[in-house]
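Worksheet: the structure to be examined is printed underneath.
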Amino acid sequence: MLDNLLKSIVNAVDNLRNQSPIVASLTNFVTMNFVANTQLAVGANAAMVQLPEEATAMASVAKSIYINMGTLLPICKESFPAAAKAAVQNNIPWILDPVAAGMGTDRENIFQSFKHFPPSVIRGNASEIISLAQSWNLNSLNSTPTQNSESIQIKGVGVDSSDTVESAEVAAIALAKFTKGVIAVSGEKDLITDGEKVYRCLGGSFLATRITGAGCSLGGVIASYATITSPLIAALTGTIVYNYCQECAEKYITENSKGTGTFQIEFVDALSLVKGKDLLEIINRTTERTV
Amino acid sequence: MLDNLLKSIVNAVDNLRNQSPIVASLTNFVTMNFVANTQLAVGANAAMVQLPEEATAMASVAKSIYINMGTLLPICKESFPAAAKAAVQNNIPWILDPVAAGMGTDRENIFQSFKHFPPSVIRGNASEIISLAQSWNLNSLNSTPTQNSESIQIKGVGVDSSDTVESAEVAAIALAKFTKGVIAVSGEKDLITDGEKVYRCLGGSFLATRITGAGCSLGGVIASYATITSPLIAALTGTIVYNYCQECAEKYITENSKGTGTFQIEFVDALSLVKGKDLLEIINRTTERTV
Amino acid sequence: MLDNLLKSIVNAVDNLRNQSPIVASLTNFVTMNFVANTQLAVGANAAMVQLPEEATAMASVAKSIYINMGTLLPICKESFPAAAKAAVQNNIPWILDPVAAGMGTDRENIFQSFKHFPPSVIRGNASEIISLAQSWNLNSLNSTPTQNSESIQIKGVGVDSSDTVESAEVAAIALAKFTKGVIAVSGEKDLITDGEKVYRCLGGSFLATRITGAGCSLGGVIASYATITSPLIAALTGTIVYNYCQECAEKYITENSKGTGTFQIEFVDALSLVKGKDLLEIINRTTERTV
């Protein structure tokens, strides 16, 4: 079903390694090291910044920008909006991970600022996607932000991540239409939509939830692929590469009776070794349908 | 000797994996990733925050809070006291790692603020425990803070960590009585006290001192167990689990001629795999006596 | 050719493990954990700080200070100059990694402040060394900072790291003469100079560029050796130890079909296991010539 996209995904994996573009990231302190190492593993060059002037400067040399909302510091109130604005003005893609959407006014204010410089890809878990759509007041499928529409109610659950991927589909489509970008909802069966098609990607490992940074680093890796391909292909490629490499890592630790420490290392190993042609089987597990 | 506690410890290990409670941490930047991964490995869900409003918000959804004093930033002067206060007001346990107690006035002021919202567990090395007791002016065993008492002199040594665990016993007991909580002094033979009993836990590996974060992450893991059991059982369980898993990791690297990089990975593996019943032998190495 | 230095290098490796001196670091958030673990692996004790008063306090207990310019926060504008000043006033060596020299005014202002308290060792890639020399206006080999001299043009390329080690030789020598210290330019064939001799160190692995922190942590390890030997021997020892341990790690992952995750772990393992006598062959690959 994905014959038309298969070649693009395979090429993205191989091309990124040959080009080593700079990806600038403003990302949380918990998983910053892991994000950088995963970006390097798939072939990008990682550059992390914090200050507003440096975020702006990076937008003129980097090929994409990644903003992850975890562990905010006061300076983020300036640097995150500055980075989003600079990305849009420099015509490079920027990727958002709306960590903990719905918690606190500082976080909320930053999210509101992003409405004016919408991201090319938003990657989050179901609860974050639902909460962000609610925060942006996207309460209907027609994508018009409206204060009062209750035709389709989107619930926001903040730090609670118990929502299913399926329950975030309406919010994801609304966000995609509003941003004219791509939304990737991570979970047991990942959902990716550009507002016109909905893709579901099968695979991955439950162990990814037992290490910190699986989601954060996927955002960083999607930002890496977004330097050389479209936001849609980048989101699909990152998600499929992650599912594949998680399966490699789970297989290794199961066969060798290892735990989550080794899982993380084997996962990075797989990211650094994966070639486009390795993905043919897992790509074929993806389904596509029109909204 | 620990027959009465043995079952509680075994249950704590197994129950945490079934319940996956949220633990909020305000912790240092050096080992934040390691703290999160160890908390996930033993079965908790890790959430790291920095801003005061977010620390307060987390206190209403998390089941415990962990505050680690390493690598202070200016914002910590607001967020650390706010988090301690919110934990006490929300009636959830909070766990303190008094890193570098005795260094600098900013650090000292934060410690003073904690006197009003005392932690359920304090875990530190001998020097930190001695220094904190001195800082809080707990110079006698009767636990009454007094400016002039010199009956029992507690020396504070700040960043010097050469004090023995034994030399911190008086300070630990004084702190336990003052906070009505539990003190865990980590070292060659760990000491845990609730002010009435003193437990000594045998085991562990010297290699834990050759990686960063063994102590920080133990505090985070005690905070994890404190979500489902008493502060005393949480401190004992965390300490005993750490000693057991360090021994597993040391055994592996000795047999395979590996170094400290592999030690860290094997240690996380062991944390993610350990079951309550694995601990029967090491629990029996623990001694208990009345103060 | 290095017979005179060989014994000093071998001794530095072994002596550091016996003495475990404290090294204080003000270093970036991406690789802070890795820097600490590599310092611990080679035998030092790692202490990371952020606040100005703590940087100053550390200068009185630590045996060297490491300042790495990645991921600046606002507080760095105070703490970095304070740390450099305190190191010089306390007569302990301090080591600079001029990450992203040439990007932004905050960064530039911090670099200017360092001119008054010059580091004992500067370790960077070719572009950073060239850019720092330009920033400090060291445009001639005679080491006199002059605004207008164009006799030898030093180009500064900021975040671009495509300059060859060779192209940074003039800048490195100028910086060495100006600081009366040692400059280490990392790259395919590392260059180390004290302004009088130029050493070239062969070895290492290209995989070091595919993990984050290889350069940052080398600076931290040079700071570790600088606690017990001269800046020149420290820079040579750190560089040679790194090249050796990278080769060990590359050999392991090639033989075992592993990736960059395992490379990083094996590299730390090698750092924690290496003995002075292991380095005899690789030291002999070093060349020395007079400027």
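Naming convention: chains lettered A, B, ... in sequence-line order (proteins, then strands); numbering from 1 in each chain.
When heavy atoms are compared at a cutoff of 4.5 Å, A:Thr105 approaches chain B by way of both its backbone and its side chain. With a 4.5 angstrom heavy-atom cutoff, A:Leu73 touches chain B via backbone and side-chain atoms both. Neither the backbone nor the side chain of B:Ala46 comes within contact range of chain A; no heavy atom of the residue lies under 4.5 Å from a heavy atom of that chain. Only the backbone of B:Ala44 comes within less than 4.5 Å of a heavy atom in chain A; its side chain stays farther off. No part of B:Gln264 comes within reach of chain A, as not one of its non-hydrogen atoms sits under 4.5 angstrom from that chain.
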| message | With side chain to side chain contact (heavy atoms under 4.5 Å, CB included) as the criterion, how do B:Gln50 and A:Leu72 come out once you've worked through the C-alpha distance, each side chain's angles and the decisive distance to 0.1 Å? | response | CA-CA 6 Å; B:Gln50 306 288 338; A:Leu72 296 185; over 6 Å; no
| request: Could you go through the salt bridge (charged side-chain N to carboxylate O under 4.0 Å, His left out) check for B:Glu53 and A:Arg107 one step at a time? | output: CA-CA 10 Å; B:Glu53 72 159 0; A:Arg107 200 172 288 267; over 6 Å; no
| task | Walk me through it: do A:Met32 and B:Met32 pass the test side chain to side chain contact (heavy atoms under 4.5 Å, CB included)? | result | CA-CA 10 Å; A:Met32 195 180 278; B:Met32 193 180 281; over 6 Å; no
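Taking both residues in full, the closest heavy atoms of A:Val30 and B:Ala36 are given as CG1-CB, 3.9 Å, listed atom of the first, atom of the second, then distance. Closest approach of B:Ser272 and A:Gly259 over heavy atoms only: OG-CA, 3.3 Å. For B:Asn33 against A:Thr31, the heavy-atom pair with the smallest separation is ND2-CA, 4.0 Å. Nearest heavy-atom pair, A:Pro74 versus B:Ile75, reported as atom, atom and distance to 0.1 Å: CG-CD1, 3.7 Å.
Using modelled atom types, one finds a donor on one side chain and an acceptor on the other under 3.5 Å when comparing A:Thr262 with B:Asp269.
Under the 4.5 Å side-chain criterion, counting only non-hydrogen atoms from C-beta, A:Thr260 is not in contact with B:Asn37. Using a 4.5 Å heavy-atom cutoff, the side chains of A:Thr71 and B:Val49 are not in contact. Side chains of B:Met58 and A:Met103 form a contact here, defined as non-hydrogen atoms less than 4.5 Å apart.
Within the 3.5 Å criterion, the main-chain N or O of B:Leu40 finds a donor-acceptor partner in the side chain of A:Arg210.
Here A:Thr212 contributes atom OG1 and B:Met48 contributes atom CE; the two are 7.0 Å apart, rounded to the nearest 0.5 Å.
Heavy atoms from other residues, nucleotides or ligands lying under 6.0 Å from CD of A:Glu188 number 12 at most. Counting non-hydrogen atoms of neighbouring residues, nucleotides and ligands closer than 6.0 angstrom, the NZ atom of A:Lys258 exceeds 12 such neighbours. A 6.0 Å sphere centred on CG of B:Asn256 holds more than 12 heavy atoms belonging to other residues, nucleotides or ligands.
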